[in-house]
Amino acid sequence: MTAVDDRVEQLMADDRADHMAKAYEDLAVPEGLKAELIRGEIVMMAGPDRVHNWIVESVMDQIPRKRWHRSQTQDLAIPGESSEPQPDLVIYERGSIEGPGRLVPAPAVTMVVEVVSKTSARRDYQDKRSVYAAGQVPVYLIIDPIAAKCVLLTDPKGTGEAADYWTERASAFGDAVPVEVLDLTLETDEFQTLS
């Protein structure tokens, strides 16, 4: 391949990414469904289980509102990615961004939380792990009510699909999860399972 071929291929890829981002932005999501843009693919899924919502509610209740925004159904802008994921919970410091907008820039985010469902496991454990690491989100907490465990990921490194978190700490439901960046310990004893 020549440099010209490489440039044409990159322009075509950029055009596809722009087209997909526009289609996602204009998408009319049917009631009861949720949509996300993950690496150029629009992913739709059914609304969450009650257990899922109770877990998110429990995490929100433990994070001090005075210091942190704790947003649900909030899309993220990941620099350099054709992704606009919508984590189950986004935590960012008050004052880090101001004004209206659909997207929170990933560099402003301190932590994201995903609660695994039967249909989201691969996306939560693999795709989003890489996407959030590429966005340099400092902490990614995966809460898995199927396996009754939490996985705390920190220290993001790399770019694109090769990005990953270098530190991983797993704990069972019922064990406390220290989240140093928020200066708190999450209690998980009231988390329920999907089994």
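For clarity, every value in this text was computed on a predicted model and none was experimentally measured.
- Screening residues 173-195 for salt bridge (Lys or Arg N to Asp or Glu O under 4.0 Å), with sequence neighbours left out, gives no hits.
- Scanning both residues, P156 and P138, for their nearest heavy atoms gives CD-O, 3.9 Å.
- Sorted by first and then second residue, the pairs that involve residues 138-191 and meet ring pair (Phe, Tyr, Trp, His ring centres under 6.0 Å), not counting sequence neighbours, are Y132-Y140, F173-F191.
- Residues I143 and T188 form no side-chain contact, since every pair of their non-hydrogen atoms from C-beta on lies 4.5 Å or further apart.
- Of all the heavy atoms in P85 and V131, the pair that sits closest is CG-CG1, 4.2 Å.
- Put simply, CG on L89 and CD on E57 are 11.5 Å apart, with the number rounded to the nearest 0.5 Å.
- Considering only heavy atoms from C-beta on, V104 stays 4.5 Å or farther from S71 through its side chain.
- Residues P64 and W68 form a side-chain contact, since some pair of their non-hydrogen atoms from C-beta on lies under 4.5 Å apart.
- Of all heavy-atom pairs spanning D75 and E84, the tightest one is OD1-O, 4.3 Å.
- Residues that satisfy the side-chain hydrogen bond (donor to acceptor under 3.5 Å, both in side chains) test with E93, not counting sequence neighbours, are R67.
- In this view, T193 and S195 satisfy the side-chain hydrogen bond (donor to acceptor under 3.5 Å, both in side chains) rule, not counting sequence neighbours.
- Taking the side chain as every heavy atom from C-beta outward, T73 and Q86 approach each other to under 4.5 Å.
- For residues 144-162, the set of pairs meeting the salt bridge (Lys or Arg N to Asp or Glu O under 4.0 Å) definition, not counting sequence neighbours, comprises D155-K157.
- Under the side-chain contact (heavy atoms from CB on, under 4.5 Å) criterion, R65 pairs with R70, R94, sequence neighbours left out.
- Inter-residue side-chain proximity for K128 and P87 is flagged as unmet; no heavy-atom pair is nearer than 4.5 Å.
- With D88 as reference, H52 is the one residue of Q72, H52, Q74 to meet the side-chain hydrogen bond (donor to acceptor under 3.5 Å, both in side chains) rule.
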